[in-house]
Amino acid sequence: MNNQHFDNYFHNTLAQHETTVPADMWNKISEQKRKRRGFLFWLKILGNVGAVSLFIFALGYGWYVQPNNANNIAEKSKAIKNKLLADDKVGDNSTQNILLENNQLATNATKAIEPAIQLLATNTFKSNATKLKQPKAGLNAGFVIAKNSTLTVGITSVNDKKDSHTAIDSTYPFNNNTTYGKWVNIEQVNTKNKSGYNNLECILETFNSASSPIIECPSVLNRPKRQLNVEAWLSPDFALNATHTNSSNIAYMQKKDSAEKSSLSYSVGFRISKEIARNIFAKIGFQYTQVDKKFSYKLENERRTVQVITIRNIVRGPGDTLRISDTSLFTQIGYLEKNSINHYRTIDIPVLVSYNFQNNGWHFGATAGAIFNIHSWYKGETFDSAFNPINIGKESGFKNNIGIGFYGSFHIAKDIGNKVSLYAEPYGRYNLSSLTNNQSLYNEKYHIIGLQLGIKYKIY
Amino acid sequence: MALCERYAADKYEAEDMLQEGFIRIFSYLHQYKFEGSFEGWMRRVMVNCALKHLQKKKLQFIEITENTADTITTITAFAYEEMSADELMKLIHQLPPGYKAVFNLVVIEGYSHEEVAELLQIKASTSRSQLVKARKMLQYQIIEQQKIAV
């Protein structure tokens, strides 16, 4: 009962108790709210930029994959194939030169194909892919038919100068009934053979399928699809600082250097990579980088008030002891060690070119390019000229955009599926501009070394 | 402000709590479902914010061995009924952080021990024992003050 009354008294007295709110409280709340709104504003801007980029990308992709209706060689190729299947005979021999991989020139198409087939028989079926080079004028198509233990190779070519096409094929005994080949890629090589025709490179890939005896070669009328990949990555980073003073104040720089220490930072981003030429990729993306630095300093002449309660027992007589509590306040003066982490954050667009080559599911390459900063912002502290801590930001001479940086890397990737591969990419980023403007006490640049660990998805 | 002061160690910490609390109120205003009073909703947000602030400081519920508990037998109502709100606030401030949080939540805000247990991620029995000890400590302080006054 006593306790209930005791609690009720506290509740009734304090539940609606009001105290004076500092006069500047509302300004502080407004300021903090404005800062948060700023962050959300940029988040929305970034979201919009991403959405527009995706829309443009989707639009471009749709345009790119539209079928080319003009001079539909695919249809011609199909007609020729049907004719060959129906008549079970060969077509006209072509008199065009055929350049094989070993640069052997032949004036007779059949002779030219013969070593090609031998090449397939001896090499292709032992490995997954064999390259076969064929010189053709601009538009070509071909197919491979395996039927009744016989391999038929058909190649059509259209000479755009003469506006005519020929079909050449050859039939060879084929001992392995369960192994068939298909053309999986025909792409134009930007070199010309001795006859002045562009070389075409075909990759014949073997596979096992007893139920698919006829494999149609894709037309090469439509431009061969260049690879398009999406990469997502995360990188632990380490920042290297380059700082020099604007005021010849050596003591200031010594104080600053002793207070700051680089710590582990990170970047995260995604990129779209498009093959623009054989083994060469253009990459563009979006990335966020956060560089962290420990900032430690001492605040001198710090005052702290300590409450000390002294309890004394005063014996006034037998059985009459009075207990007295004295409360005293002491002010202590000393120094306060403060440690904080400064964050330097950037959002950037990397524009890169990469050279890649692959071997048995492993990819190797090098990448270089530029990184364009969209926005930079900071959180943390630095010293003013009197060595007092101040917030880093626009007021202390920090820029909202650090401009362009150079990027260079090597990478190694391993396929883990038909379309997915994992990669590691040690990289370096060299920033050209300083974080601070000329009004600041010092100029500071940071450069980054890191290791991107990512996943690549092949869209096509 | 008084609500924050009851949970905070000092006035500056209370200001931080109040500031953060209002930012949260503005941020989550759309989540107010017009169920119950708006003041009550604001109060809950502010309390949550204060507790979060305290949890950042690693609020600990330590058992304090007291020689005060046994000495208190009864406290009469007139011992504290003349005390002002500011005096009660001072007494609450002298409580250890764990006692203070539980006493504020249960006695002033009216939360049940189960709700306190959920808010502070402690057991309901811990909340009960902390309240008992907080109450005894407050009563002891009141009695001691009276003795000095005598």
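Below, chains carry the letters A, B, ... as their sequence lines are ordered, and counting in each starts from 1.
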Only pairs at least two apart or in different chains count here, so list each salt bridge (Lys or Arg N to Asp or Glu O under 4.0 Å) that has a residue in residues 10-21 of chain A. none

Pairwise distance CG(B:Asp16) to NZ(A:Lys28) - rounded to 0.5 angstrom: 7.5 Å

Under 4.5 Å from any heavy atom of chain A - which part of B:Glu5: side chain

Which atom pair, heavy atoms only, marks the closest approach of B:Gln139 to A:Asn3? NE2-OD1, 3.3 Å

When heavy-atom pairs shorter than 4.5 Å are enumerated against chain A, which of B:Met1, B:Glu15, B:Lys11, B:Gln19 gives the highest number? B:Gln19

Could you grab the distance from atom OG of A:Ser30 to atom CZ of B:Phe22, nearest 0.5 Å is fine? 10.5 Å

CG of B:Asn104 to NE2 of A:His11: how many Å apart, nearest 0.5 Å? 12.0 Å

Between B:Leu18 and A:Met25 the two heavy atoms that sit nearest each other are CD2-CG, 3.8 Å

Can you check whether anything in residues 85-95 of chain B gets within less than 4.5 Å of chain A, heavy-atom wise, and list it by number? B:Ala85, B:Asp86, B:Leu88, B:Met89, B:Ile92, B:Gln94

Nearest heavy-atom contact between B:Ile108 and A:Phe10 is CD1-O, 3.7 Å

